There are 2 protein chains.
Amino acid sequence: MAETRPAPRRRRKEARPQELTAAALSLFVEKGFAATRLDDIAERAGVSKGTLYLYFDSKDALFKAVIQEGIVPALHAGEVLLDEYDDPLELLRAILLGWWERIGSTELGGIPKLMMSEARNFPDVALYYEQEVLQRGTALLRKAVARGVDRGVFRQVDPEAICSVLIAPLVYRAMWRHSFGPCCGQETDVAQYLNTYFDLILNGLLAPAPGGDAQ
Amino acid sequence: MAETRPAPRRRRKEARPQELTAAALSLFVEKGFAATRLDDIAERAGVSKGTLYLYFDSKDALFKAVIQEGIVPALHAGEVLLDEYDDPLELLRAILLGWWERIGSTELGGIPKLMMSEARNFPDVALYYEQEVLQRGTALLRKAVARGVDRGVFRQVDPEAICSVLIAPLVYRAMWRHSFGPCCGQETDVAQYLNTYFDLILNGLLAPAPGGDAQ
DNA sequence: ATTTAGTTACTGACTGGTCAGTAATTTAGA
DNA sequence: TCTAAATTACTGACCAGTCAGTAACTAAAT
């Protein structure tokens with residue numbers, strides 16, 4: 001049928017949950033969970049507060065939905081890269097740059113900040129997030145690094161410990177965008193930051209070229 | 001022995017502000033600013049809520065005091081290192097390791113998490129923090145890196161952009177300790193993390209030995 | 001040395017506003 | 001019409017901030 005209605009009518013059962021979690025995410029990231037009022041979330045989504053309770057049982061339930069719905073889909077995209085790339089160097093770049101482009105530089109980049117802030121207030125969500133997002137992400141990175149070490153492309157490093165070190169500058173920058181960024185002066189150039197970042201870690205990882213020149 | 005006083009009410013005008021900001025810091029870091037009740041802060045400090053208002057005008061004022069008192073003293077310690085060390089490599093290690101030992105691994109390590117979470121709710125404090133703490137810290141790091149680049153010990157890198165990249169893994173780890181750490185499984189070994197971290201960044205920074213072996 | 005008058009650090013019950021959650025009512029769509 | 005989506009008006013718990021009162025200390029006067 002004519003499913004693409006141009007004029008959004010007032011009753012939209014299908015689209016509401018997404019609209020509400022999107023509004024909630026941006027406000028949770030901006031103000032924090034406790035300081036965000038449900039009235040504000042509803043207003044941003046273009047509905048009234050009562051409508052919120054048609055789709056979510058409580059403010060806590062809304063928080064959980066925001067986290068679950070936000071990140072999980074993005075993870076799968078990274079995992080397929082393992083098969084798409086063979087060269088460890090290109091694979092690592094693709095994973096890290098992919099994370100930045102799909103998450104860090106988008107609205108989703110607020111989730112790490114939000115989750116970091118609220119982990120201790122929602123231990124069950126934190127545990128879920130740690131296992132389903134962070135562990136899986138770490139495992140992905142670890143495989144990429146391990147592949148490079150095995151082939152002698154990367155130096156001998158501890159694949160377990162290196163993962164947090166590698167991802168930290170990207171997550172840190174993403175958090176910044178959602179905290180100090182809007183308050184303080186203009187952000188430094190992203191491209192320059194990424195260049196310097198890759199330059200540092202790749203030089204730090206690459207084994208000295210055995211025979212001839214590298215790159 | 002009438003020693004069993006029900007509530008030993010002690011008068012400690014001098015020590016109170018410190019005790020109150022210390023209690024406030026740990027609770028703000030744990031629960032966030034909005035979710036922390038003044039009654040809880042007072043209780044942890046061993047006083048009543050009324051006493052809080054003898055020393056701080058408002059909850060906001062208490063927040064500001066927590067930030068100001070917490071970090072500024074620790075910064076000076078780093079700045080003197082510039083003159084204590086001549087060798088850029090040792091200087092950089094001393095700065096970064098010093099940050100971890102003085103801040104990251106202590107209770108003060110909660111301040112970056114707190115400030116990151118609340119920056120947008122306290123733009124004036126965020127601006128103060130950004131200028132008086134982050135800018136100064138960055139400037140310190142930048143000088144150390146620039147010295148290394150000038151002397152040819154480090155490769156040509158952008159001293160401006162590299163600073164955030166260098167400090168991020170330490171800050172990230174410090175934040176972790178105060179968010180996921182208490183919720184999720186045991187932390188990975190800190191020493192191993194630091195070793196891997198220094199191994200990566202120093203290999204990433206060091207210029208290839210020009211003639212033969214260095215040092 | 002004791003009493004007593006004055007000062008100050010501290011307490012905890014109270015208030016007024018805010019906000020999560022609910023129930024009654026309205027309105028859109030079949 | 002009849003159902004379901006959405007709104008509006010409401011409630012009650014919670015909490016920052018207040019203030020009248022109390023305990024602890026100090027010092028002047030005896």
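Quantities reported herein were computed from a predicted structural model and do not represent experimental measurements.
- For D/dA6, the OP1/OP2 oxygens have no side-chain nitrogen or oxygen of A/Thr51 closer than 4.0 Å.
- Straight-line distance from the CG atom of A/Leu38 to the P atom of C/dT22: 11 Å, rounded to whole Å.
- Counting any heavy atom pair closer than 4.0 Å across all strands shown, A/Leu54 reaches a base atom.
- The CZ atom of A/Phe56 sits 18 Å away from the C1' atom of C/dT22 (whole-angstrom rounding).
- In this structure, a donor-acceptor pair under 3.5 Å is present between the side chains of B/Ser26 and B/Arg44.
- Every residue was checked against the ring-ring contact (aromatic ring centres under 6.0 Å, His included) condition with B/Phe154, not counting sequence neighbours, and none meets it.
- Within the structure, the side-chain hydrogen bond (donor to acceptor under 3.5 Å, both in side chains) test picks out no pair touching residues 95-112 of chain A (sequence neighbours left out).
- Here D/dC14 presents its P atom at 12 Å from CG of B/Asp39, a figure rounded to the nearest Å.
- One can place CD1 of B/Ile41 at 12 Å from P of D/dC15, the figure rounded to the nearest angstrom.
- With a 6.0 Å radius and a threshold of 12 heavy atoms from other residues, nucleotides or ligands, A/Lys143 has its NZ atom at or below the threshold.
- In this entry the distance linking CD of A/Glu43 with P of D/dT7 reads 12 Å, nearest Å.
- Distances shown here put a side-chain N or O of A/Tyr55 below 4.0 Å from the OP1 or OP2 atom of D/dA6.
- Using a distance-only test at 3.5 Å, with no hydrogens or angles considered, no donor-acceptor pair links the side chain of B/Arg147 to the main chain of B/Arg142.
- Each of A/Arg37 and A/Gly50 has a nearest nucleotide on DNA chain C; the 5'-most of these lies closest to A/Arg37.
- Out of D/dT8, C/dG21, D/dG17, the shortest distance to the side chain of B/Tyr53 is found at D/dG17.
- Contacts between residues 22-32 of chain B and DNA chain D, counted as heavy-atom distances below 4.0 Å, involve no residue at all.
- Going from atom CG of B/Leu52 over to atom C1' of D/dA16 covers 11 Å, rounded to whole Å.
- In terms of modelled atom types and a separation under 3.5 Å, the side chain of A/Lys31 and the main chain of A/Arg37 share no donor-acceptor contact.
- A donor and an acceptor atom, one from each side chain of A/Thr21 and A/Arg16, are nowhere located under 3.5 Å apart.
- Computed from coordinates, the A/Lys49 NZ to D/dT8 P distance equals 13 Å when rounded to whole Å.
- Rounded to whole Å, atom P of C/dA28 lies 13 Å from atom CZ of A/Arg16.
- You'll find that the side chain of B/Lys59 is closest to D/dG17, out of C/dG21, D/dA6, D/dG17.
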